[in-house]
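Structure first, then comments.
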Amino acid sequence: MSDCLFCKIIAGDIPAEKIYEDDHVFAFRDINPMAPLHALIIPKQHIATINDLEEDHAGLMGNLFLAAKQIATDEGYAEEGYRTVMNCGEAAGQTVFHVHLHLLAGRPLQWPPG
Ligand code: AMP
Ligand code: ZN
């Protein structure tokens, strides 16, 4: 989508610090990190929110988690643990309407989240 921030990052039109890419998934460091590791893992296909998922996106969503595991392992956080979060809609704090899995690690993470 031409007016989507994350589609522009995938296209290279807006700079980002890439940390992972494969055929279907792209990941980069969050510009406003909430933890020593804060990555955003996104499908290359534009999907606005979880509410827009269709049955044939199931594998793609699994690929986001496989990328999270890979990044956490590469960055040395797989053993101590990490958190993945996907916000859906404004009430949950979603501000960019291209689905993204937050990967957070490197500090104690409280539960429940705010
Ligand atoms: P959410 O609030 O779940 O929609 O998350 C959106 C995330 O995108 C926030 O954590 C922002 O800090 C992050 N973000 C916004 N613009 C950029 C950008 N240009 N590069 C990297 N991360 C960004
Ligand atoms: Zn997009």
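Order of appearance sets the numbers: ligands from 1, and atoms from 1 within every ligand. Note that these values count all heavy atoms, side chains included, but never hydrogens, waters or copies made by symmetry.
In this structure, Y77 OH and I71 CD1 are separated by 13.0 Å, a value rounded to the nearest 0.5 Å. Considering CG of L37 and CZ of R107, their distance stands at 11.5 Å, rounded to 0.5 Å. Considering CD of E90 and OG1 of T49, their distance stands at 11.0 Å, rounded to 0.5 Å. Atoms CG and CD1, on L5 and I31 in that order, are 8.5 Å from each other to the nearest 0.5 Å. In this structure, I47 CD1 and H100 NE2 are separated by 13.0 Å, a value rounded to the nearest 0.5 Å. Here I41 contributes atom CD1 and T84 contributes atom OG1; the two are 8.0 Å apart, rounded to the nearest 0.5 Å.
The two atoms that bring G106 and P36 nearest to each other are O-CG, 3.4 Å, heavy atoms only. The shortest heavy-atom contact between L64 and P43 is CD2-N, 3.6 Å. Of all the heavy atoms in Y20 and Q70, the pair that sits closest is CE1-CG, 4.0 Å.
Closest protein heavy atom to atom 4 (O) of ligand 1: T95 N, 2.6 Å. In terms of protein heavy-atom proximity, atom 21 (C) of ligand 1 is nearest to I31 N, 3.3 Å. Looking from atom 1 (P) of ligand 1 to the surrounding protein, the closest heavy atom is H100 NE2, 3.1 Å. For atom 10 (O) of ligand 1, the nearest protein heavy atom (residue, atom name, distance) is D30 OD2, 2.5 Å. Atom 2 (O) of ligand 1 has G93 O, 2.7 Å as its closest protein atom, hydrogens excluded (heavy atom only). Annotation: atom 16 (N) of ligand 1 to nearest protein heavy atom, L5 CD2, 3.4 Å.
Atoms of ligand 1 lying under 4.0 Å from any heavy atom of N87, numbered from 1 in the order shown and given with element: 3 (O). Per-residue contacts place F6 under 4.0 angstrom from the following atoms of ligand 1 (heavy atoms of the residue considered): 8 (O). Every atom of ligand 1 with a heavy atom of N32 under 4.0 Å away is listed here by number and element: 12 (O). Of all the atoms in ligand 1, the ones that sit under 4.0 Å from a non-hydrogen atom of L40 are 7 (C), 8 (O), 13 (C), 22 (N). Taking every heavy atom of H102 and a limit of under 4.0 angstrom, the matching atoms of ligand 1 come to 1 (P), 3 (O), 5 (O), 10 (O). Short contacts between ligand 1 and F28, defined as distances under 4.0 Å to a heavy atom of the residue, involve ligand atoms 21 (C), 22 (N).
Side-chain atoms of I10 and H98, non-hydrogen and from C-beta on, do get closer than 4.5 Å to each other. Looking at heavy atoms from C-beta onward, Q110 lies in side-chain contact with P108 at the 4.5 angstrom threshold. Contact check for H102 versus H38: side-chain heavy atoms found under the 4.5 Å cut-off.
Considering both main-chain and side-chain atoms, I14 never comes within under 3.5 Å of ligand 1 through any nitrogen or oxygen pair.
L40 and V85 fall into different hydrophobic clusters, where Ile, Leu, Val, Met, Phe, Trp and Tyr are joined by side-chain heavy atoms under 4.5 Å apart, directly or via other members.
Within the 4.0 Å heavy-atom cutoff, F97 does not count among the residues contacting ligand 1. Heavy-atom distances between M34 and ligand 1 stay at or above 4.0 Å for every pair. Contact annotation: A16 has no heavy atom less than 4.0 Å from any atom of ligand 1. Heavy-atom separations between R29 and ligand 1 include at least one value shorter than 4.0 Å.
Shown are the protein N/O/S atoms under 2.8 Å from the Zn ion (ligand 2), given by residue and atom: C4 SG, C7 SG, H46 ND1, H98 ND1.
Here F26 and F6 keep their ring centres 6.0 angstrom or further from each other.
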